[in-house]
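Let me begin by presenting the structure, written as structure tokens, before commenting on it.
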Amino acid sequence: MEAGVLIIIFALLVLFAFLGLGAWATVKAVGAAKRGVDRTITQARRTVEDTALKAKSFGQVGVAGALAQLRLDLRTSMRATQQALYQGVQADASLKESIGLFERLSAHGHELDDELKRLEQEPDRARIGAMLPELKVRTAKITEAADSLRWAARDRARRFAEDDLSSLSAQIEVESGALRDWSRESVDDLAAAAAAWDAQQPSAGRGSTGSTGSPGSAAGAAGRSPEPPAALNPTPPKSGYPWQKAPRPETTT
């Protein structure tokens, strides 16, 4: 009875664990989908605003066109710098300090963009016109600082790429030289081996000819005692010459 209760409790615990895991996965999926939707909406809103600013800067004159151009220059510079820094930090960790400076600069950029956006709705165009020189100076300072960070990061990345390419080219040259030396040594070794083999062939032939045709070798062979015949393979009798007659059998009386 107790074993059955334990099994039921264990099954309930496993069921609850699966239900909790499924709920957690569902929450995570919903959160990821929500973040994706928010990101898409933000990008779409940004694209619409940029398009509207371009239309205003080209289609309107006076204060409205100047404000739209300032906002467009500010947003374009800040966005390009942000993309360059956040992509570059993946390969160069030293850009983290630059990103910290950019974040501080972004606070000033957002403040200026919000102010320019409010001034677009301001009906007092004369007062806005009087503020334009100061707004242009502030915009120029922020965009120049952002451009400086962006180009410095790009120059750094390009310099690292050039140094790496130079080092790689030097290593490839050294490896190519080593491969060429290895190939020449192997060919020389093969040629030397072939020459030695060719040199050994005539000497071997002469040695074999001399051993078969010289009388000294025959005498040495004759002087040696004959080997006894094998027990299982007796030596066959010598056959006579064809002109010899076979001996007659002896008759007995």
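All heavy atoms count here, side chains included; hydrogens, waters and symmetry mates do not.
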Legend entry - Salt bridge flag under 4.0 Å for residues Asp155 and Arg158: yes
Inset, instruction - Taking the side chain as every heavy atom from C-beta outward, state whether Leu85 and Arg150 have any pair of such atoms under 4.5 Å apart. - result: no
Inset, instruction - Output the distance between atom CZ (Arg138) and atom NE2 (His108), rounded to the nearest 0.5 Å. - result: 9.5 Å
Legend entry - Close side-chain approach of Ile172 to Ser176, heavy-atom, < 4.5 Å: yes
Legend entry - Hydrophobic cluster membership, Trp151 vs Leu101, 4.5 Å side-chain cutoff: no
Legend entry - Reported OG-to-CD distance for the pair Ser167 and Gln171, which is rounded to 0.5 angstrom: 4.5 Å
Legend entry - Arg125, CZ atom: more than 12 neighbouring heavy atoms under 6.0 Å: yes
Legend entry - Considering all heavy atoms, the nearest Ser94-Arg156 contact: OG-NH2, 3.0 Å
Legend entry - Shortest non-hydrogen separation from Ala146 to Leu105 and the atoms involved: N-CD2, 3.6 Å
Inset, instruction - Check whether Leu74 and Leu132 end up in the same hydrophobic cluster, where Ile, Leu, Val, Met, Phe, Trp and Tyr are linked by side-chain heavy atoms less than 4.5 Å apart. - result: yes
Legend entry - Value rounded to 0.5 Å, distance of CG in Leu70 from CZ in Arg75: 13.0 Å
Legend entry - From Thr139 atom OG1 to Lys136 atom NZ, the distance as rounded to the nearest 0.5 Å: 9.5 Å
Inset, instruction - Calculate, to the nearest 0.5 Å, the distance between atoms CD and CD1 belonging to Gln121 and Ile128 respectively. - result: 9.5 Å
Legend entry - Between CG on residue Leu116 and CZ on residue Arg71, distance to nearest 0.5 Å: 7.0 Å
Legend entry - Side-chain heavy-atom pair Leu135, Leu67 within 4.5 angstrom cut-off: yes
Inset, instruction - Could you pull out the closest heavy-atom pair between Pro133 and Gly129, with the gap in Å? - result: CD-O, 3.7 Å
Inset, instruction - Check whether Leu149 and Tyr86 end up in the same hydrophobic cluster, where Ile, Leu, Val, Met, Phe, Trp and Tyr are linked by side-chain heavy atoms less than 4.5 Å apart. - result: yes
Legend entry - Validation row: Thr143, Thr76 side chains within 4.5 angstrom (heavy atoms): no
Inset, instruction - Looking only at non-hydrogen atoms, find the nearest pair between Leu95 and Ala153 and report the distance. - result: CD2-CB, 4.2 Å
Legend entry - Smallest separation among heavy atoms of Met78 and Phe102, with atom names: O-CZ, 3.4 Å
Legend entry - Min side-chain heavy-atom separation Glu115-Met131 under 4.5 Å: yes
Legend entry - Which residues share a salt bridge (Lys or Arg N to Asp or Glu O under 4.0 Å) with Asp163, sequence neighbours left out: Arg159
Legend entry - Qualifying residues under side chain to side chain donor-acceptor pair (under 3.5 Å), relative to Ser77, sequence neighbours excluded: Asp147
Legend entry - Enclosure of Glu134 CD (heavy-atom neighbours >12, cutoff 6.0 Å): yes
